[in-house]
Every structure is written in structure tokens, then in C-alpha cells.
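What follows is a single structure, written as C-alpha cells, with notes after it.
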Amino acid sequence: MPQPKKQPSQSSNATERTHTQSSKKHVSDLIEDTISGTYSDLIDILSAKIEIAKLEVSEQLADIIANVVILIILLSGALYLSVSIAIFIGDLTGYPWLGYLIISGSIFTLVFILTKLKPDWLKSKIQTFILSSQTKYSRSLLEKHDSEKA
């Protein structure tokens, strides 16, 4: 004869509900912890990226300023050299003004040639210089990054 099914007691129903509610609560706590942890990690990553960008920009800016200083020194040297050559030519010819005229005429002719006849050549040389300096900079950053990982 089949036995009648036992009705679960109210206490076991209450225990199951409490267990289900507590497991739901644990899952929601885990989800909340995961989301807050992910958000915190994302904020940390973004702030690290910003710091890296600041360092890269400051390094590039320092490199540009160093190149400008070198250019100023080079131009000053070129100016003194051209004045010295002008004085020398003036002494050779016996007319001091002729040395300055020859040097300034040479400079203006060079500027004319560079701007009118070969602007693409000069532009490509400048672009090559800029790209090569960026490539060197990128390589040094990659080397730093690889050495930090090791």
C-alpha cells in the first residue's frame, strides 16, 4: 500500500526560504563586489594611463626644448661665422662693405633656392628627421616597458 506523501513541515519551508534568500543575498553581494572591484580597477588603470601620457608628453617636450636650444646655439655660431667670413672678404677686397654684401647675397640666394626650387625636398628631410626622432623615442619607451615587465 502506498504511503501518503509527507507534507513538509512549516519549519523546513521556512529554512528553505531563508536559505534561498541568503544565497540570493550572497550572489547579489558577490555581484556588487565584482562590479565595485571592476570599477575601482578601471579607475586605477585610467589614472595610470593618464600618468604615462603625462610622462610621455613631458619627455617629448623636454626633447623639443633641448633641440631648440641646440638650434639657437647653432644659429649663433653660424651668425658669428658669417660675420667673420664677411670681415675676411672685406679685408681681401679692401672694401669692408663688400664682404657683408657677398655673405648676405649668398644667404638670400640659398634661401631663395630652398623656398622656390626645392620646398618638397626640404619638407621631406624635416619629416624624416621628425619621424626618426619619434621612432627612437618609441623604441626607448618599448625597451623601458619590456624591462619593467621582466
Should S106 and L110 count as side-chain neighbours, where that means a heavy-atom distance under 4.5 Å? no
Can you confirm whether Y95 sits close enough to L101 that some side-chain heavy atom of one is under 4.5 Å from a side-chain heavy atom of the other? no
Give the C-alpha distance, both sets of side-chain angles, the deciding distance and a yes or no for side-chain contact (heavy atoms from CB on, under 4.5 Å) between L75 and L71. CA-CA 6 Å; L75 289 176; L71 182 65; 4.2 Å; yes
Please check if the side chain of S104 supplies one atom and the backbone of Y100 the other of a donor-acceptor pair under 3.5 Å. yes
Same apolar cluster (I L V M F W Y, side chains within < 4.5 Å links), W97/I85: yes
Output for pair (E59 CD, L55 CG), nearest 0.5 Å, gives 8.0 Å
Would you give the length of the straight line joining atom CG of L30 to atom CD1 of I35, rounded to the nearest 0.5 angstrom? 11.0 Å
In Å, rounded to the nearest 0.5 Å, how long is the span from OG1 of T38 to CD1 of I43? 11.5 Å
Supply the atom-to-atom distance I103 CD1 to F88 CZ, rounded to the nearest 0.5 angstrom. 11.0 Å
Between atom CD1 of I102 and atom CD1 of I107, what is the distance when rounded to the nearest 0.5 Å? 12.5 Å
Nearest 0.5 Å please: distance from the CG atom of L98 over to the CD1 atom of I89. 8.0 Å
